[in-house]
Amino acid sequence: MARKILITGGAGFIGSHVVRLFVKKYSNDHIYNLDTLTYAGNLENLKDIENENNYTFIKEDINHTDNISELFNKYKFDTVIHLAAESHVDRSIADPISFVRTNVMGTMNLLNAALETWREDFSDKMFYHISTDEVYGTLGETGLFTETTSYDPNSPYSASKASSDHFVRAYGETYGLPFIISNCSNNYGPNQFPEKLIPLFINNILNKKSLPVYGDGNYTRDWLYVIDHALAIDLILNDGKVKETYNIGGFNEWKNIDLIKLLIKQIDEKLNHTPGESEKLITYVKDRPGHDLRYAIDASKINSELGWKPTVTFEEGLSKTIDWYLNNKEWMNRVTSGAYQEYYEEQYK
Ligand code: NAD
Ligand code: TYD
């Protein structure tokens, strides 16, 4: 049976890779990309597939309760892959309420609309909620997050994502709404907005601007190439078990400062700079409040149950990512004009 798949946040970083994968792979299904196009949403990310017959873009805000219900009535979506969110920790520290609005209330609007449309017959329906490993809080020097690790969020961003995860699960238990949740580690790759560590630092190295390292730089993240996340989402949607959670990670932990030195090494090589030349741009700045020390995922469940593992090494993925930014300077120029300048000055003043 052909599916009517609603992907929210499909003009953003991860969403655009998921939309492209589904539009290309499932020509018999119809893919609806619903996105309100905040500063992080960019239809340029989807230029190559925008005219495909099985693709429709809907400009809408998940906070508009009535409009979201009308869209469910009109299109009769049977599958939701929910990525739309405010996604940047630093912005959540400056403006927590907008994270509650979109990540919690926006998710509630989608849950209510799905429930109203599907409650007579839940067969062949799925609400797939995309979440983050940050809901588990922070690890010390050892250990890994598993699917049964208790939620312990520390930032307004992770608290809002944790809250939305709880509501999705509660709608499953209370009303029988079929759902799956996956919690993924830090993504990197093409089309990521340059407020997150890797694209911000690529852009700053290319422009010879300082590289603001928070605190002592000894914070650890587990990095995954965005296309490997999109492939995991496809696999989980098709083969995952209803009401289950899957952790997705890169088996790839890096201390920020080591990652930054690798990034500098690769860029300096590609640009024929003297080795290590850009290291002089490293500037230690005031730490992020509530900064989580370490994230690392135990991805053995998705590996053993669904056969998923990352397809690219970090060195390959990072090299492809740098090449994409070097070949798409216009994309970077457009997204860093206007409001971005104000954000940057406020964040790094
Ligand atoms: P992003 O900020 O790049 O994109 C978010 C998209 O959602 C944008 O296109 C934006 O326009 C849209 N959006 C925001 N508010 C909206 C609203 N009210 N109505 C409709 N659309 C709205 O984010 P991303 O990095 O692609 O993350 C996507 C999802 O994956 C998020 O739910 C995030 O929590 C989760 N996630 C991200 C990472 C990561 O490393 N980036 C890791 C794990 C999980
Ligand atoms: P980020 O990309 O914001 O992802 P998250 O906070 O969701 O993990 O940050 C990744 C790491 O890099 C995190 O430890 C904070 C650090 N960081 C800096 O040191 N400087 C920066 O300018 C940014 C944006 C992040």
Side-chain angles (χ1 to χ4, degrees), residues 7-19 33-43 45-46 58-64 67-68 81-93 98-99 101-103 105-107 109-110 129-135 138 154-155 157-158 160-161 164-165 182-189 191-201 204 210-224 226 229-230 233 248-250 254-257 259-260 282-288 290-295 297 335 344 347-348:
I7 299 179
T8 69
F13 166 48
I14 302 171
S16 61
H17 291 281
V18 176
V19 166
N33 170 15
L34 184 151
D35 198 301
T36 196
L37 302 179
T38 66
Y39 75 91
N42 187 350
L43 287 178
N45 296 345
L46 292 166
I58 304 169
K59 185 174 184 324
E60 189 53 82
D61 188 329
I62 59 170
N63 295 310
H64 293 159
N67 296 0
I68 292 297
I81 308 176
H82 175 35
L83 296 110
E86 290 293 338
S87 68
H88 188 39
V89 173
D90 293 327
R91 287 185 190 254
S92 82
I93 295 167
S98 63
F99 283 67
R101 202 177 297 122
T102 289
N103 299 358
M105 291 307 295
T107 301
N109 287 332
L110 290 165
H129 180 60
I130 306 299
S131 192
T132 165
D133 60 354
E134 302 190 26
V135 298
T138 188
N154 290 316
S155 73
Y157 164 65
S158 54
S160 69
K161 290 296 288 187
S164 65
D165 292 11
S182 59
N183 297 80
C184 189
S185 62
N186 288 60
N187 284 216
Y188 71 98
N191 306 95
Q192 188 169 28
F193 193 80
E195 61 188 358
K196 308 273 168 64
L197 181 73
I198 290 180
L200 176 75
F201 277 37
N204 284 12
S210 70
L211 305 175
V213 178
Y214 295 163
D216 61 6
N218 285 320
Y219 294 87
T220 300
R221 298 291 182 262
D222 174 357
W223 294 91
L224 179 68
V226 63
H229 188 189
I233 289 172
I248 310 169
W254 285 81
K255 282 201 158 117
N256 291 343
I257 193 63
L259 182 160
I260 290 159
I282 291 175
T283 312
Y284 290 90
V285 299
K286 189 159 71 68
D287 210 349
R288 172 188 279 174
H291 198 166
D292 285 333
L293 177 69
R294 177 170 163 260
Y295 304 143
I297 284 272
V335 303
Y344 197 88
Q347 176 62 28
Y348 296 105

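What you see is a predicted model; the values in this text were computed from it and never measured. Order of appearance sets the numbers: ligands from 1, and atoms from 1 within every ligand.
Of all the listed residues (Ala40, Ser158, Cys184, Gly249), Cys184 holds the heavy atom that lies closest to atom 43 (C) of ligand 1. Taking each of Arg294, Lys196, Arg288 in turn, the one with a heavy atom nearest to atom 9 (O) of ligand 2 proves to be Arg288. Taking each of Trp223, Tyr344, Tyr214 in turn, the one with a heavy atom nearest to atom 21 (C) of ligand 2 proves to be Tyr214. In the candidate list Arg221, Gln192, Glu195, Arg221 is nearest to atom 8 (O) of ligand 2, counting heavy atoms.
The nearest heavy-atom contact from the protein to atom 32 (O) of ligand 1 is Lys161 NZ, 2.7 Å. Annotation: atom 4 (O) of ligand 1 to nearest protein heavy atom, Gly12 CA, 3.5 Å. Looking at atom 29 (C) of ligand 1, its nearest protein heavy atom turns out to be Leu83 O, 3.2 Å. Looking at atom 3 (O) of ligand 1, its nearest protein heavy atom turns out to be Phe13 N, 3.1 Å. From the protein, the heavy atom lying nearest to atom 27 (O) of ligand 1 is Ile14 CD1, 3.8 Å. The closest protein non-hydrogen atom to atom 16 (C) of ligand 2 is Asn256 ND2, 3.5 Å. For atom 18 (N) of ligand 1, the closest non-hydrogen atom on the protein side is Asp61 OD1, 2.8 Å. Atom 1 (P) of ligand 1 has Ser87 OG, 3.5 Å as its closest protein atom, hydrogens excluded (heavy atom only). In terms of protein heavy atoms, atom 13 (C) of ligand 2 is closest to His291 NE2, 3.5 Å. Nearest protein heavy-atom neighbour of atom 7 (O) of ligand 2: Glu134 OE2, 2.5 Å. The shortest contact between atom 9 (O) of ligand 1 and any protein heavy atom is with Asp35 OD2, 2.6 Å.
Using a 4.0 Å cut-off between a side-chain N of Lys or Arg and a carboxylate O of Asp or Glu, Asp90 and Arg288 qualify as a salt bridge. For Glu86 and Arg91, the salt-bridge test fails: no basic side-chain N is under 4.0 Å from an acidic carboxylate O.
Considering backbone and side-chain N/O of Leu200, none are found under 3.5 Å from N/O of ligand 2. For ligand 1, the polar-atom distance check finds no N/O of Ser131 at less than 3.5 Å from any of the ligand's N/O atoms. Considering backbone and side-chain atoms alike, Thr36 places an N or O below 3.5 Å from some N or O of ligand 1. At under 3.5 Å, not a single nitrogen or oxygen of Asn186, backbone or side chain, sits near a nitrogen or oxygen of ligand 1. Considering backbone and side-chain N/O atoms, Ile62 comes within less than 3.5 Å of an N/O atom of ligand 1. Backbone and side-chain nitrogen or oxygen atoms of Asp90 are examined, and none is located within less than 3.5 angstrom of a nitrogen or oxygen of ligand 2. Checking only distances, Val89 never comes within under 3.5 Å of ligand 2, N or O to N or O.
Look at Ala11 and you'll find a heavy atom under 4.0 Å from some atom of ligand 1. Ligand 2 lies less than 4.0 angstrom from a heavy atom belonging to Tyr348. Look at His88 and you'll find a heavy atom under 4.0 Å from some atom of ligand 2.
Counting heavy atoms under 4.0 Å from ligand 1, residue Thr38 touches it through both backbone and side chain. Neither the backbone nor the side chain of Trp223 comes within 4.0 Å of ligand 1, counting heavy atoms alone. Residue Asp133 does not touch ligand 1, judged by heavy-atom distances below 4.0 Å. Only the side chain of Asn186 comes within 4.0 Å of ligand 2, counting heavy atoms alone; its backbone N, CA, C and O stay farther away.
Close approach to Glu60 involves these atoms of ligand 1, each under 4.0 Å from a residue heavy atom: 19 (N), 20 (C). Taking every heavy atom of Leu37 and a limit of under 4.0 angstrom, the matching atoms of ligand 1 come to 11 (O).
Considering Val226, Leu83, Leu46, Asn42 in turn, Leu46 is the only one that fulfils the side chain to side chain contact (heavy atoms under 4.5 Å, CB included) rule with Ser16.
For Tyr39 and Phe193, the distance between ring centers is under 6.0 angstrom.
Taking the six-membered ring for Trp and thresholds of 30 and 60 degrees, Tyr348 and Tyr344 have ring planes inclined between 30 and 60 degrees apart.
Figure legend: Arg221 and Tyr295 shown as a cation-pi pair, the cationic atom lying under 6.0 angstrom from the six-membered ring centre and within 45 degrees of its axis.
Proximity of Ile248 to Leu224: side-chain heavy atoms (C-beta onward) are separated by under 4.5 Å at one or more points. Side-chain contact between Ile62 and His82 is present, with heavy atoms from C-beta onward closer than 4.5 Å.
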Residue pair His88, Tyr157: steps toward the ring-ring contact (aromatic ring centres under 6.0 Å, His included) verdict: CA-CA 7 Å; His88 188 39; Tyr157 164 65; 8.6 Å; no
